[in-house]
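The structure appears below as structure tokens.
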Amino acid sequence: MGDEEHHHEFQESGSGASATYPLQCSALRKGRPCKIVEMTTSKTGKHGHAAIHLVGIDIFTGKKCEDISPSTHNMDVPNVNRTEYQVINIDDNFLSLMLSDGSTKDDVRVPEGELGEKLQADFDEGKELYVTVISAMGEEAVIS
């Protein structure tokens, strides 16, 4: 061994970015990616920590989520990305989207409800369409 050089090989897959980052609870919800809409702090308890009551709305389903946690504890905050794409085609309830490098993305569902109906109607009329897709924790959805 002695003076030998040590070589390490590292292989990277994906972008290398994590799906979450840590943040102290007093600054948040676990499990699902939610937008915090209400936050209340209780008085300091016998263990010396104030509790935070969080109310959030799931960014994909719109369902209400609640959690209570000591204000000093860390929680995982999802990294949420927003990307705009041009719609090339709509086939079997999936969008065909143009990426910036000219390739296509074909795994995003047409949103349900009024937004999806409007997208389909505008596409059928031959309008040039762009959609905003949010992605977090392995999920994606069209939001506008």
To the nearest 0.5 Å, what is the distance between [atom1] ([X]) and [atom2] ([Y])?
| X | Y | atom1 | atom2 | result |
| --- | --- | --- | --- | --- |
| Asp58 | Cys65 | CG | SG | 5.0 Å |
| Lys64 | Glu38 | NZ | CD | 7.0 Å |
| Arg82 | Ser135 | CZ | OG | 10.5 Å |
| Ser144 | Glu84 | OG | CD | 7.5 Å |

Please check if [X] and [Y] belong to a single hydrophobic cluster, counting links between Ile, Leu, Val, Met, Phe, Trp and Tyr side chain heavy atoms closer than 4.5 Å.
| X | Y | result |
| --- | --- | --- |
| Ile90 | Met98 | no |
| Phe123 | Tyr130 | no |
| Leu95 | Leu129 | yes |

> Could you give all pairs that pass the side chain to side chain donor-acceptor pair (under 3.5 Å) test and reach residues 86-98, with sequence neighbours left out?
Replying inline: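 Listed by first then second residue: Ser96-Asp106.
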Which pair of heavy atoms, one from [X] and one from [Y], lies closest together, and at what distance?
| X | Y | answer |
| --- | --- | --- |
| Gly62 | Ile57 | O-CG2, 3.5 Å |
| Phe60 | Pro33 | CE1-CG, 3.6 Å |
| Val110 | Gly116 | CG1-CA, 3.8 Å |

> Has Glu112 got more than 12 heavy atoms of other residues, nucleotides or ligands less than 6.0 Å from its CD?
Replying inline: no
>> Ile143 and side-chain contact (heavy atoms from CB on, under 4.5 Å): which single residue from Thr132, Val131, Leu115 fits?
In response: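 The side-chain contact (heavy atoms from CB on, under 4.5 Å) with Ile143 is passed solely by Thr132 among Thr132, Val131, Leu115.
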>> Restricting to side-chain contact (heavy atoms from CB on, under 4.5 Å), what partner residues turn up for Lys105, sequence neighbours left out?
In response: Tyr85, Leu97, Leu99, Asp107, Val108, Glu140
